[in-house]
Amino acid sequence: MQKIPTVHVEAASTLAVVVSSNEPLLFLSDDLKVIAASASFCQAFDIDPGTVCGQSLSEIGNGEWAMPKLASLLKATASGSATIEVYEIDFQRPNQKTRQLVVNARTLDDGDIDHIRLLLAITDVTDMRAEARLKDDLVRDNAILLQEVQHRVANSLQIIASVLMQSARRVQSEEARGHLHNAHHRVMSIAALQRQLSTSNGGKVELRTYFTQLCQSLGASMIADPDRLSIQVTVDDSAVDADVSVRLGLVVTELVINALKHAFPDERPGAIVIDYRSSGDDWTLSVTDNGIGMPAGSEAPKAGLGTGIVEALVKTLDGDIQLSDACPGTAVTISHRESAGSRDISTAA
């Protein structure tokens with residue numbers, strides 16, 4: 001018979017705890033021989049409880065515990081030069097699938113000052129790791145599916161925009177042509193958002209990139225001479241939820257369209273600047289042009305569809321609208337504060 005390592009009388013209680021533990025535990029001597037093993041350990045790893053005591057760790061079972069790196073770490077723990085807090089191993093047995101185990105070990109003072117004892121705890125995390133991988137796969141698949149849907153929506157919006165432009169070229173009425181052009185620009189605003197969403201993370205939209213793409217699209221379709229008119233974007237690193245970005249994008253679209261239509265008559269050169277800044281939950285969006293400014297009195301234009309769209313959108317954003325003289329030109333500033341209300345503007349679009 002194998003000689004079981006001598007155990008100090010005060011270790012009796014420790015042995016009882018180990019043997020009766022519901023968790024897989026090994027009680028080891030400093031030379032890595034088994035003093036005791038919990039019944040749960042023997043059951044989990046198909047080991048005969050009557051053969052385990054007195055064996056070296058490397059001899060347990062069919063030798064599957066003969067792991068040089070684990071043995072080295074255990075000896076270092078016994079000497080006090082290392083600790084095993086969370087050490088993950090791949091546990092392999094013949095004709096069985098590999099299991100992922102997490103082990104931790106510590107020295108145990110059982111009253112025998114002449115011998116170092118080790119308590120080794122083993123946790124099987126195979127199912128946990130498999131569930132985590134499945135969850136990661138599902139998240140990745142859903143993200144890919146969402147990006148594909150957004151890509152298809154963006155393509156569909158591009159087709160709709162093209163149809164609107166073709167219709168605008170065929171109609172004879174200038175008023176109808178203008179409405180179709182405006183509808184085209186609004187669709188392109190949403191299409192630019194969808195392109196941005198397809199590359200964003202967590203449903204957040206980076207406004208600098210979004211507004212830049214949006215204004216590039218508006219400029220390409222409405223500015224015949226880029227040397228005469230330009231649209232500039234100065235936006236901080238703000239990122240907002242997709243539904244908020246939709247409303248902000250439509251507001252920018254309407255205000256830019258309005259400025260391009262009214263601020264630069266008679267081939268007047270100029271620029272439109274879109275600026276967005278945020279601090280916590282507060283933010284400010286401004287669209288400023290250096291055009292002719294807003295006519296006053298009887299020459300002031302009547303509110304159009306664009307004005308109604310802007311006012312409705314800003315109301316849903318809990319924003320406050322201010323119209324001011326930019327000297328030269330016009331500035332429309334929309335700000336959101338915790339206690340802010342909404343005011344009306346009377347710009348034509």
Side-chain angles (χ1 to χ4, degrees), residues 161 164-165 167-169 171-189 191-192 207-235 248-277 284-311 313-314 319-335 343-349:
L164 288 170
M165 285 300 292
S167 300
R169 295 188 187 101
V171 298
Q172 300 298 318
S173 168
E174 287 295 330
E175 181 180 1
R177 185 179 297 112
H179 289 319
L180 287 170
H181 277 142
N182 289 344
H184 167 266
H185 301 321
R186 289 159 185 149
V187 170
M188 291 301 293
S189 172
L207 290 182
R208 181 188 297 129
T209 303
Y210 172 39
F211 285 167
T212 299
Q213 292 178 350
L214 174 59
C215 291
Q216 287 174 346
S217 176
L218 290 170
S221 61
M222 296 190 70
I223 298 177
D225 184 3
D227 293 331
R228 182 177 69 87
L229 291 177
S230 65
I231 307 175
Q232 302 167 15
V233 175
T234 59
V235 179
L248 290 173
L250 287 173
V251 168
V252 169
T253 298
E254 297 301 330
L255 294 178
V256 169
I257 289 174
N258 183 70
L260 289 173
K261 288 171 61 177
H262 300 289
F264 307 102
D266 303 323
E267 301 299 312
R268 180 188 177 99
I272 301 169
V273 178
I274 291 89
D275 184 90
Y276 183 95
R277 296 285 181 269
T284 300
L285 168 68
S286 66
V287 178
T288 306
D289 67 72
N290 58 358
I292 61 174
M294 287 294 299
S298 60
E299 296 183 358
K302 295 181 179 180
L305 175 62
T307 298
I309 291 175
V310 171
E311 290 177 349
L313 289 169
V314 173
D320 176 75
I321 309 174
Q322 290 184 340
L323 181 66
S324 59
D325 191 341
C327 299
T330 304
V332 179
T333 302
I334 300 162
S335 57
R343 301 174 192 155
D344 292 339
I345 59 172
S346 57
T347 57

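Across all non-hydrogen atoms, the minimal contact from I321 to E311 is CD1-CA, 4.4 Å. Minimum interatomic distance between S286 and T333 (heavy atoms only, all atoms of both residues): CB-OG1, 3.9 Å. Here the shortest heavy-atom pairing between A271 and N290 reads N-OD1, 2.8 Å. Shortest non-hydrogen contact noted between S230 and Q232 is OG-NE2, 3.7 Å. Of all the heavy atoms in T288 and A326, the pair that sits closest is CG2-CB, 3.8 Å. Contact between T330 and L323 at its shortest, heavy atoms only, is CG2-CD1, 3.3 Å.
Inter-residue side-chain proximity for L218 and L214 is flagged as met; some heavy-atom pair is nearer than 4.5 Å. Counting heavy atoms from C-beta on, the side chains of D225 and L229 never come closer than 4.5 Å. Y210 has its side chain out of reach of L248: every pair of non-hydrogen atoms, C-beta onward, lies at least 4.5 Å apart. At least one side-chain heavy atom of L285 sits less than 4.5 Å from a side-chain heavy atom of I274. Looking at I223 and R228, their side chains never come closer than 4.5 Å, going by heavy atoms from C-beta outward. Counting heavy atoms from C-beta on, the side chains of I272 and F264 come closer than 4.5 Å.
Checking each of L255, T284, L313 against I334 for a side chain to side chain contact (heavy atoms under 4.5 Å, CB included) leaves exactly one that passes, namely L255.
Put simply, the side chain of S217 never gets that close to the backbone of Q213: no donor and acceptor are under 3.5 Å apart.
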